[in-house]
Trainee: 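After the structure tokens below, expect a handful of questions from me.
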Amino acid sequence: MNRRTILKLFALPLVAGLLPFHARAVEPFDFKTARTGYLNRLSAVKKEGVVPVIDIESSYDPTRINLDSFTRSMDRAGIALMCLSADQPGNLVKEGLFWSNHSLEACTKYPSHFIPTGNGGNHPAWTRVPEKFLEANERFMLDHQYPMMGEFEIRHYPSPRQIQRGELFRDVNVAIDGPLGHRIFAFAEKTGLPFQIHYEIEDELLDPLERMLVKYPKARVIWCHFAQIRYQSRSTRYSPQFLDGWLEKFPNLYVDTAFGDALSVYQPSGERHAQYWSRMREWNELIVARPYRFLAALDIGGDRMHRVEEWTRTLRDLLQTLPAETREIVAYKAAWRLLFAETL
Ligand SMILES: [Zn+2]
């Protein structure tokens with residue numbers, strides 16, 4: 001046995017035992033291969049008489065998902081495709097691993113259901129070791145040809161369910177115009193890869209975001225949860241007219257439709273935070289005027305993976321208020337064009 005073989009014998013179990021989660025062998029995403037399956041699924045849902053949806057923003061806990069039943073719930077809800085982003089399990093971050101390719105693995109198992117999406121910028125990788133997370137993000141996005149990055153929690157209040165559970169680690173406040181923000185915007189601009197931000201709509205946060213949009217005009221930004229305002233007193237500037245002005249000024253700015261139903265209350269403020277519903281007529285005028293800038297989204301997450309059908313009902317309530325042509329664009333055509341540069 002020569003020295004190299006001995007080294008290999010030692011190295012193999014070592015590598016296998018410590019095989020970094022992120023280094024599991026997966027094929028890079030190939031849109032050309034996936035395309036037919038995606039299009040077939042969109043037409044299959046249409047044939048059922050349902051408007052197919054591409055959900056631009058959902059995430060999951062890779063250690064807990066049952067992909068089989070999850071995809072069946074997508075089928076029942078008419079969710080043709082989902083941009084599914086893996087959350088980074090905390091134990092892996094403790095082990096020094098900052099990336100999970102689970103999203104690509106899910107796409108390999110269900111190539112016609114999912115569009116691979118980068119890991120969400122959320123707790124614990126993003127909050128504890130943001131530079132390492134961004135380094136992994138940049139490397140794996142390119143190596144594996146993901147078509148889109150995940151949702152970065154820049155300014156994020158805990159969700160209503162997290163408040164119920166007393167999980168306050170998601171009260172995230174990262175300066176969008178600080179070094180981390182510049183790094184994300186610059187990478188997006190350089191690569192053309194869209195990214196999502198969770199960024200509460202508050203007066204004092206608008207100017208820093210605007211400065212970034214001015215500085216990085218080619219970065220394609222999806223500002224998630226349009227018109228979701230958790231403290232009205234902190235948000236006096238944002239309105240349909242305000243967003244219209246920004247969409248006009250920033251052609252690479254998009255928003256998504258993930259928010260609660262008309263009665264949903266954000267407990268800490270006691271306010272109805274999904275403000276789309278109270279100004280529906282004005283918002284719809286804007287959506288009709290700029291339909292390709294509004295992307296359908298469910299925001300399924302690790303604590304609500306069994307609720308796809310319930311969440312879809314709220315989304316369909318919104319879609320139902322739109323004229324037929326606009327509805328189709330928001331439901332799936334806008335996402336397709338953004339991600340794959342083709343108009344359906
Ligand atoms: Zn969000």
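These figures come from a predicted structure and were not determined experimentally. Atoms within a ligand are numbered from 1 in the order they appear, just like the ligands themselves.
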Trainee: Please name all residues satisfying salt bridge (Lys or Arg N to Asp or Glu O under 4.0 Å) with Asp203, sequence neighbours left out, ordered by chain then number.
Mentor: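 With neighbours one apart ignored, the set is empty.
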Trainee: With a 6.0 Å cut-off on ring centres, are Tyr254 and Trp246 close enough?
Mentor: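 No.
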Trainee: Tell me whether Arg155 forms a cation-pi arrangement with Tyr199, defined as NZ or CZ under 6.0 Å from the six-membered ring centre and within 45 degrees of its axis.
Mentor: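 The answer is no; the distance or angle limit is not met.
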Trainee: Between His198 and Glu153, does any side-chain donor sit less than 3.5 Å from a side-chain acceptor?
Mentor: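 Note: His198 and Glu153 side chains miss the donor-acceptor criterion.
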Trainee: Which side-chain N or O atoms in residues 337-344 pair as donor and acceptor under 3.5 Å with protein atoms at least two apart or in another chain?
Mentor:
unit_1 : atom_1 : unit_2 : atom_2 : d
Glu342 : OE1    : Arg35  : NE     : 3.2
Glu342 : OE1    : Arg35  : NH2    : 3.4
Glu342 : OE1    : Trp336 : NE1    : 3.0
Glu342 : OE2    : Arg35  : NE     : 3.0

Trainee: Taking side-chain contact (heavy atoms from CB on, under 4.5 Å) as the definition, give me every residue that meets it alongside Ala77, ordered by chain and number, with sequence neighbours left out.
Mentor: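 Applying side-chain contact (heavy atoms from CB on, under 4.5 Å) to Ala77 gives Ile79, Val308, Glu309, Thr312.
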Trainee: Taking the Zn ion (ligand 1) as the center, what protein N, O or S atoms are found at less than 2.8 Å?
Mentor: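 Listed by chain and number, the nearby protein N, O or S atoms are Glu151 OE2, His198 ND1, His225 NE2.
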